[in-house]
Amino acid sequence: MEEPQGFFSTGDGCVGDTVTERCLVESKEPVSHVQLACGLWFCAFPLDGNELCVWSTKDPSYQPLILRGHRQPITAVTFGNTVSPLLICSASQDYVMLWSLDECRQKVLLGLTPRGLVLGTLLGKALYLRLSPDDRAAAVCAGNKIFMLDTESRSTLAVLEGHRGPVTAAEFCPWQTHIIISVSEDRSFKVWDHHAGSPLYSSAVLTASPLLSLLVDEKSKQLVAGCADGQLWVFSLVERHHYRCVTRVDLKKKRETFSRRVESRLCSLPVLFLEENRRPRAHGLEKGEDMEGSLPVLSLAPCDLSLLLSSECGCLPSESAPCLWVGSSAGLLVLNLANFELEGVLRYKDFRSLSIQVAGSCAMMSKAGEQKAICLLTSLFGGQIAVLEIRLAALVRSRQGLGAGRSLSVLPRGCVLSTSPLHFRIAEEHRTPPAPQRRSAVRSTVQDQPLVFHSKVRSSGYATAPHVTMFSPKTNTRNNGDSPSRRRSSHGCKEYPLESSPPTRLHKQRVLAHGPAAALCVQFSGDGRWLACGLANHLSLVFRADLTGTPAVFSGHDGAVSTVCWSHDGRWLLSTSLDGTPRVWSLRRAELVLCVGRDLFPKPIQSAQFYYLDAFILCSSGPELQLLKCHIDTSKDEIRRYKQKSRCRPVFRLPTAGPTEITSLSAVNDFYSYLVLTAGRDKTVEVFDLNAGRSAAVIAEAHSRPVHQICQNKGSSFTTQRYQVYNLFATTATGDGIKLWDLRTLRCERRFEGHPNHGYPCGIAFSPCGRYVASGAEDRHAYVYELGSSTFSHRLAGHTDTVAGVAFSPSAPQMAARKIHVVLGSRAQSPCDHIRAGNRKRENHFLHTTPFSISHAKVT
């Protein structure tokens with residue numbers, strides 16, 4: 001064997017703080033479309049056509065090892081999975097050969113010529129090679145077939161046929177070694193049992209472009225397939241999921257969004273920081289001059305960023321979310337498989353000193369626990385082969401941002417400032433309350449008003465007790481057969497079990513309205529005893545949590561009721577409507593106690609809720625956040641009985657960063673918290689600190705469409721969660737799924753897709769245990785997601801139209817072994833909605849509300 005001389009160029013070759021060109025090789029034959037191999041200590045590639053070159057990435061001073069044995073050009077190379085002995089397999093049209101790297105190195109030192117074992121001959125042009133996890137079998141993708149070869153007996157174990165186009169990649173399942181998955185130019189993937197030699201699953205045609213690459217991630221149990229048009233298809237390999245599609249990622253759009261976010265962060269940086277961190281750009285690649293088309297996915301490889309992307313909260317099952325390298329002809333991308341967002345982008349053209357600007361093939365490797373990665377590239381238009389060293393910390397630096405959100409927390413970290421609008425609550429509490437007056441309304445009336453006595457004239461009636469209601473039929477009757485003591489004991493403060501299972505079966509269904517009245521929103525009271533539902537027919541209904549008895553009816557709005565919200569003590573119900581007027585109702589009296597007029601706000605109120613333990617009411621009016629101080633008085637003036645004594649006045653207002661309308665707001669009312677979250681029609685999410693009275697952070701382009709709901713993980717009074725978990729919140733937008741965010745880092749930690757939601761805004765909700773997120777959908781189902789999985793765990797049926805909203809009950813039902821969860825929502829066109837009933841002693845309830853129906857779901 002001869003050592004190579006003259007065609008290797010090695011050295012530091014520093015291009016920047018992100019990438020370094022470690023080695024450059026000139027091959028006599030083009031190597032644009034071949035499979036390259038990149039391992040922990042070595043990388044391998046074809047050289048001069050039929051020679052195999054092995055280069056050490058650990059110690060570049062070692063001489064490259066040249067292996068000869070093929071007569072035809074080598075088209076595929078792969079490393080084995082065992083460390084000792086380290087095997088390498090190469091394929092050409094004439095041979096498929098297996099080499100032991102240690103033996104080859106020893107023979108070279110002894111002056112002998114290393115030789116490999118021939119596993120197969122004349123199998124055709126091999127596009128892809130892969131060795132099994134134990135290195136006992138080799139999969140050779142040649143033409144439309146997959147040849148399974150035994151590396152020990154050097155015989156053919158099976159030939160897998162079924163693809164209608166050339167097979168471009170195949171991977172073994174790490175946790176089921178008898179399973180192999182393949183993709184092809186016929187635009188589909190197949191799952192095989194190579195022991196039996198039979199197919200287990202065949203997908204439909206996924207896209208219009210061929211599938212080029214494949215990756216099976218063991219940690220997330222997902223299959224990722226890359227297309228020639230720059231699309232990534234992600235499928236779940238969990239057994240009960242039946243290879244369902246998790247999401248589809250458009251890499252070009254993701255890269256554009258990534259660039260805009262980086263630019264928005266850089267705009268707020270100091271000038272010195274910009275000068276130190278400005279990356280070199282190729283000439284002619286300024287904004288608007290990028291003429292790149294699609295990004296063909298040439299290869300996929302796992303990427304370990306656990307040391308760089310730690311969520312710092314330890315509260316998510318996905319805190320060390322898996323990432324993957326995406327190699328394309330224009331550059332490298334790092335994709336997070338939890339939130340499907342780009343963590344880093346490296347464009348070859350941004351580094352003019354790189355020898356290869358357009359890649360024909362690539363292979364990547366990053367060792368766990370290290371902050372460096374190796375990339376092996378071949379040129380698309382020549383015989384150049386380059387080895388790049390990438391510093392991961394510098395690559396993902398721009399994605400980290402400025403850390404503006406790291407000081408934010410839902411739980412307050414300091415006292416209320418004297419200049420804070422929330423200080424108004426403290427001043428109210430320090431006032432001396434007036435002495436309580438225990439005399440009844442009747443006695444005070446008799447004492448204050450004169451009496452007329454005459455022997456022949458009847459009394460004028462001043463001494464009689466006034467009527468409680470006038471000209472008002474009793475439409476709000478409720479079955480009060482249970483004594484108060486019985487009601488209190490039935491809802492004892494038993495802690496909600498954090499390990500409870502999600503709901504799976506429909507348990508109960510109840511009529512909401514006789515007529516075409518859709519249910520638009522639903523909410524449980526804090527004690528879990530009552531369920532409020534807003535309808536499109538201007539009414540609000542309040543049911544018992546077990547959906548028994550006659551519901552209380554609240555009428556008065558002039559438009560469809562869009563939101564309902566309970567006070568912390570459960571005495572008041574706040575509702576907003578399309579008429580733009582928030583109204584507060586008394587649950588005990590079943591009547592209106594406060595109507596906030598439109599004259600207080602420049603624009604109609606879109607959403608409202610109680611805030612700061614019922615001390616304030618938060619409202620959104622156009623692009624402004626309004627803070628109202630309310631005094632609720634249910635007493636009546638006997639002369640002007642219909643005039644409300646409750647009053648409300650604005651105490652603080654705060655404009656958003658942009659001039660667009662607020663579409664949703666969220667704040668914690670179960671405990672003191674200074675932060676308020678809002679979403680605007682400009683696709684942003686803004687965090688306000690009402691203690692400081694200013695905007696604290698802005699998340700630009702939180703979704704590709706405007707966010708229609710923000711939902712915080714508020715827990716309940718029946719659960720105890722770790723304090724870090726309260727900093728999680730979720731956002732949803734029509735056609736863009738659900739995103740889970742960490743408030744302290746302002747990062748999207750996970751993305752949930754799988755529920756169809758393309759035209760109607762469907763609601764979301766956190767479970768009291770903080771382990772699940774539920775969502776409505778347009779396919780008449782409610783979906784339940786686990787926080788540690790990107791695909792849904794359960795799909796709940798029972799509705800007849802779009803499920804518009806969901807809600808979980810915070811407490812346990814009457815029986816000690818029962819727990820109530822609830823989900824809501826659908827837009828039915830039937831004349832009435834109903835609730836199906838069943839009886840079991842041990843069950844969890846998840847209530848779905850539709851514009852026409854409510855349903856409970858049992859849990860096994």
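FYI, the numbering just counts along the sequence from 1.
- Within the structure, every pair that satisfies the salt bridge (Lys or Arg N to Asp or Glu O under 4.0 Å) test and touches residues 670-689, not counting sequence neighbours, is listed here: Glu661-Arg681.
- Considering every non-hydrogen atom in both Asp569 and Arg571, the closest pair reads OD1-N, 3.1 Å.
- Between Phe688 and Pro655, the shortest heavy-atom contact is CE2-O, 3.6 Å.
- The distance from atom CG of Leu728 to atom CG of Leu787, rounded to the nearest 0.5 Å, is 7.0 Å.
- When atom types are taken as modelled, the side chain of Ser420 and the backbone of Leu690 share a donor-acceptor pair closer than 3.5 angstrom.
- A heavy-atom distance below 4.5 Å is not found between the side chains of Arg583 and Val596.
- Residues Leu628 and Phe601 form a side-chain contact, since some pair of their non-hydrogen atoms from C-beta on lies under 4.5 Å apart.
- With sequence neighbours excluded, the residues satisfying side-chain contact (heavy atoms from CB on, under 4.5 Å) with Ser666 are Ile710, Gln712, Lys714.
- For the pair His781 (side chain) and Asp779 (backbone), a donor-acceptor distance under 3.5 Å is present.
- Residues Ser586 and Trp572 bring no donor and acceptor atom of their side chains to less than 3.5 Å of each other.
- With 3.5 Å as the limit, one finds no donor-acceptor pair spanning the side chains of Thr734 and His758.
- Counting all heavy atoms, side chain and backbone alike, Ser775 lies closest to Val806 at C-CG1, 3.8 Å.
- The shortest heavy-atom contact between Thr719 and Cys769 is CG2-N, 4.5 Å.
- With values rounded to the nearest 0.5 angstrom, Leu592 atom CG is found 10.0 Å from Phe554 atom CZ.
- Here CD of Gln523 is found 10.0 Å from OG of Ser809. Values are rounded to the nearest 0.5 Å.
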- request: Kindly determine whether Ser620 and Ser607 satisfy side chain to side chain donor-acceptor pair (under 3.5 Å), including the steps that lead there.
  value: CA-CA 6 Å; Ser620 63; Ser607 57; 3.0 Å; yes

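- Taking the side-chain contact (heavy atoms from CB on, under 4.5 Å) definition, one finds that Arg647 meets it with His631, sequence neighbours left out.
- Pro582 pairs with exactly one of Thr576, Leu600, Ile617 by the side chain to side chain contact (heavy atoms under 4.5 Å, CB included) rule, that one being Thr576.
- Nearest heavy atoms, Arg747 versus Asn336: NH2-ND2, 4.0 Å.
- No side-chain donor from either of Ser664 and His708 sits under 3.5 Å from a side-chain acceptor of the other.
- Qualifying side-chain contact (heavy atoms from CB on, under 4.5 Å) partners for Thr419, counting only residues two or more places apart in sequence or in other chains: Leu417.
- Scanning all heavy atoms of the two residues, the minimum distance from Cys619 to Ala608 falls at SG-CB, 3.7 Å.
- Residue Ile699 holds its CD1 atom at 4.5 Å from CG of Leu746, rounded to the nearest 0.5 Å.
- Once rounded to the nearest 0.5 Å, the distance linking OG of Ser621 with CD1 of Ile662 reads 8.5 Å.
- Surrounding NZ of Lys603 are at most 12 heavy atoms belonging to other residues, nucleotides or ligands under 6.0 Å away.
- Pairs passing the salt bridge (Lys or Arg N to Asp or Glu O under 4.0 Å) check and including a residue from residues 726-738, sequence neighbours excluded, read Asp736-Arg751.
- Residues Val564 and Leu574 form no side-chain contact, since every pair of their non-hydrogen atoms from C-beta on lies 4.5 Å or further apart.
- In terms of modelled atom types and a separation under 3.5 Å, the side chain of Asp558 and the main chain of Asp579 share no donor-acceptor contact.
- Note on ring orientation: taking the six-membered ring where Trp is involved, the planes of Tyr785 and Phe752 are tilted (angle from 30° to 60°).
- When only modelled atom types and interatomic distance are considered, Trp585 and Ser540 share no side-chain donor-acceptor pair under 3.5 Å.
- The CD1 atom of Ile632 sits 6.0 Å away from atom OG of Ser646, with the distance rounded to the nearest 0.5 Å.
- With sequence neighbours excluded, the residues that form a side-chain contact (heavy atoms from CB on, under 4.5 Å) with Phe671 are Val410, Leu411, Val668, Ser673, Tyr726.
- In this structure, the side chains of Leu520 and Leu535 stay at 4.5 Å or more apart for every pair of heavy atoms.
- Tyr612 has its ring centre less than 6.0 Å from the ring centre of Tyr672.
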